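These notes concern the structure reproduced below.
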2 protein chains.
Amino acid sequence: MKQTKRITISDIARLAGVSKSTASLVLNGRSKEFRVSDDTRDRVLALAQQQRYQPSIHARSLRSRRSNTLGLVVPEMTNYGFAVISRELECLCREAGIQLLIACTDENASQEMMAVNSLIQRQVDGLIVASSMLSDAEYQKINQQLPVVQFDRVIGDSDLPLVITESVESTATLVERIARRHSDEFYFIGGQARISPTRDRLAGFQLGLERAGVECRTEWVIHGSYHPSAGYEMFAQLCAQLGRPPKALFTAACGLLEGVLRYLNQHDLLNSNLHLCSFDDHYLFDCLPLKIDTIAQDCETLARNSFDMITALVDERPLPDSRIYVPTRIHWRHPDSLA
Amino acid sequence: MKQTKRITISDIARLAGVSKSTASLVLNGRSKEFRVSDDTRDRVLALAQQQRYQPSIHARSLRSRRSNTLGLVVPEMTNYGFAVISRELECLCREAGIQLLIACTDENASQEMMAVNSLIQRQVDGLIVASSMLSDAEYQKINQQLPVVQFDRVIGDSDLPLVITESVESTATLVERIARRHSDEFYFIGGQARISPTRDRLAGFQLGLERAGVECRTEWVIHGSYHPSAGYEMFAQLCAQLGRPPKALFTAACGLLEGVLRYLNQHDLLNSNLHLCSFDDHYLFDCLPLKIDTIAQDCETLARNSFDMITALVDERPLPDSRIYVPTRIHWRHPDSLA
DNA sequence: ATGAAAGCGCTAACAC
DNA sequence: GTGTTAGCGCTTTCAT
């Protein structure tokens, strides 16, 4: 490392001919409060600017036991939804003088543990987590030391505060309309059965069928993981089994849909009359020959709410609501749905 | 903030009945080197584990003047390429015990300056930057204090080390083949004319035309920004002017292509016989009725190389090569191109 | 083989 | 109004 001597508060103090504490007061904008003379204040401020003084975050954090840092734990940053969330949060944080530390877990519990530990070691003031864990025990323990907010998913029936997308009703609404035309065959392809988005979206699927007066056959529900390759595999197997693509299909997330589309494309089925619908939206869906009905999440609102919630907790302000469900928007594209 | 007393090295030392220095040696795995007795070592280690001792990063950074932290500056995290880069870098960093700090600039020079300053204030050991600046003056100054690596784009003709995608040759190859069939009309839609990806891709475009024996008319080259809305606008205006879509078009990045596709979709032109080609790839392009020829960047390699380069610089190891150009892959999709 | 002490840069009581 | 001092948690000479 190149060694250029850092300008410290002592340097500024010495140059200004005052003590460190006076300089500190001025530089933290508390000169009025402590009745520092305008003259001294201006001198210190001028020097600081001129010398491009940058306070050391580490010294400050060490002293104040606050790092002005938040941790964000996501399964996968290349997932567009999480990318948007990260960007929004990063922006909110920067405006608030906070640094966001982002960690990816690759949907893997042990990697998640390591990532979280390294964040804690860095003394984040709070944690925003889309967890891949099956139990919230670890986070309960952590929550005794620093606030934790769940977003995008709940671990089990954890009582930790949360901000998630409302899924059950919107999926039910989507599915109901389609089920009326496809009462004989309507498949569900989902990710890990235990995590909450899968559970909620399945619950919504079943509720939608019920509302359409359709009985959900057990073989209609297929689980795997959220990886595109899993979507591809599940769909390939289904097609093999049926000897053709299904008549109607709901995929529980964009990754799964990606797998399904890859398969359809490879097998020249993009013009088949499969009625496809999915959670998560993408602008290119408007351009596909296959008209997919989708449920779009409101990532900006998810980010905003998560941020407000975690900062309130960090500052020990009361929480108006510790469980927030963010509404979605349905994009109807299929001609049958629009009819 | 909840106040749970932190376990410090002093606590461990006291409990083990040794001094802080001994504990420190042991905990840093330097007990052999300093001939600490096996007995003391085991005692300290056991205690640390049992008490879940976590060294304070801030105290350590304050002391060592090293933060074990790298800064990544990207224009826009929702751009898939940058998302992949971020994920890869984050992963490489975590494996190396480094924390990656990501900052988004929204393609905006003043926001970039603020973001960089806040990273420096946090004492990052090095900076990996996809800059939106027009001059590298600031970074040259910064580079005197800590290493800076440019990636994805060069600022002007900056001599700072860099890792970028090879663009000129690949664009030329792509364009040449298409220009042979469209010598009468082949448009270029690019982002800000001054930044290097635009320059290089335009150079490649012109080189491709030249190789195909086609003269580049000045009205073929259109510049704007990389935002999808800019792509939409430029394309809309072009169509208005021609009274129809152009016969052949190259878009310089995925954001611009997004804008063009939105327009085509809205105006029911996805089945027109426009020959579209672009820098940047997306899996959904395989599924579109419009067959787009694209150049795919190798984000993993970009990330890997940037990481290797910055860590070498931080550790003051010699750099085998301070200018790396990562090769691309062309995806031919249009029937004419495949013929 | 281990301990004492200094100091990284900063803030906040408490003096004066 | 301003300075002195102590200490946040850690590492590293230098003594013993």
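Residue numbering restarts at 1 for every chain, and letters A, B, ... go by the order of the sequence lines. In this text the structure is predicted, and so the values were computed from the model without any measurement.
Dashed line: the shortest gap from a side-chain N or O of B:Ser37 to OP1 or OP2 of C:dT2 is under 4.0 Å. Regarding contacts with the backbone of D:dG9, every side-chain N or O of B:Ser56 stays at 4.0 angstrom or more from both OP1 and OP2. The side chain of A:Thr22 places an N or O atom within less than 4.0 Å of a non-bridging phosphate oxygen (OP1 or OP2) of D:dG3. Contact annotation: B:Arg41 side-chain N/O to C:dA1 OP1/OP2 distance is not under 4.0 Å. A:Arg66 has no side-chain polar atom (N or O) that falls below the 4.0 Å cut-off from OP1 or OP2 of D:dC8.
Using a 4.0 Å heavy-atom distance criterion, A:Ser21 is classed as a base contact. Within the 4.0 angstrom heavy-atom criterion, only backbone atoms of the sugar-phosphate kind lie near A:Thr40; the bases stay farther away. Within 4.0 Å (heavy atoms only), A:Arg30 reaches sugar-phosphate atoms of the nucleic acid but no base atom.
The pair B:Glu90-B:Arg87 does not meet the salt-bridge criterion, since no charged nitrogen lies less than 4.0 angstrom from a carboxylate oxygen. Using a 4.0 Å cut-off between charged side-chain N and carboxylate O, B:Glu33 and B:Arg41 make no salt bridge. Ion pairing of A:Arg66 with A:Asp315 is present here, as a side-chain N (NZ or NE/NH1/NH2) and a carboxylate O approach within less than 4.0 Å. Salt bridge B:Arg94/B:Glu88: absent, no basic N to carboxylate O contact under 4.0 Å.
When rounded to the nearest whole Å, the span between CG of B:Leu27 and C1' of D:dC10 equals 11 Å. The interatomic distance linking B:Asn28 (CG) with D:dG9 (C1') rounds to 13 Å, in whole Å. If you measure from atom CZ of B:Arg43 to atom C1' of C:dA1, you get 12 Å, rounded to the nearest angstrom. When rounded to the nearest whole Å, the span between CG of B:Leu25 and P of D:dC14 equals 15 Å. In this structure, CD of A:Gln123 is placed 9 Å from C1' of D:dG9, rounded to the nearest angstrom. Between A:His58 atom NE2 and C:dC10 atom C1' the separation is 13 Å, expressed in whole Å. Put simply, CD on A:Gln54 is 15 Å from C1' on C:dC10, counting in whole angstrom units. Between the CD1 atom of B:Ile9 and the P atom of D:dT12 there is a distance of 11 Å, rounded to whole Å.
Considering only side-chain atoms of A:Thr8, the nucleotide from C:dG9, C:dA1, D:dC8 that sits closest is C:dG9. In the set D:dT4, D:dG1, C:dC10, C:dC10 carries the atom at the smallest distance from any side-chain atom of A:Lys20. With C:dG3, D:dC10, D:dG9 as the candidates, the nucleotide lying closest to the side chain of B:Leu62 is D:dG9. Of the listed nucleotides (C:dT2, D:dG1, C:dC10), C:dT2 has the atom at the smallest distance from the side chain of B:Val36. For B:Ala59, the side-chain atoms get nearest to D:dG9 when compared with the rest of C:dC10, D:dG9, C:dT2. Across D:dC10, C:dC10, C:dG3, the shortest atom-to-atom separation from the side chain of B:Tyr53 is found for D:dC10.
Remark: the A:Ser24 side chain and the C:dA12 base include no donor-acceptor N/O pair separated by less than 3.5 Å.
Inspection of the A:Gln140 and A:Asp159 side chains reveals an N or O donor paired with an N or O acceptor under 3.5 Å.
Judged as a side-chain contact (heavy atoms from CB on, under 4.5 Å), and not counting sequence neighbours, the contacts of A:Arg52 are B:Lys141.
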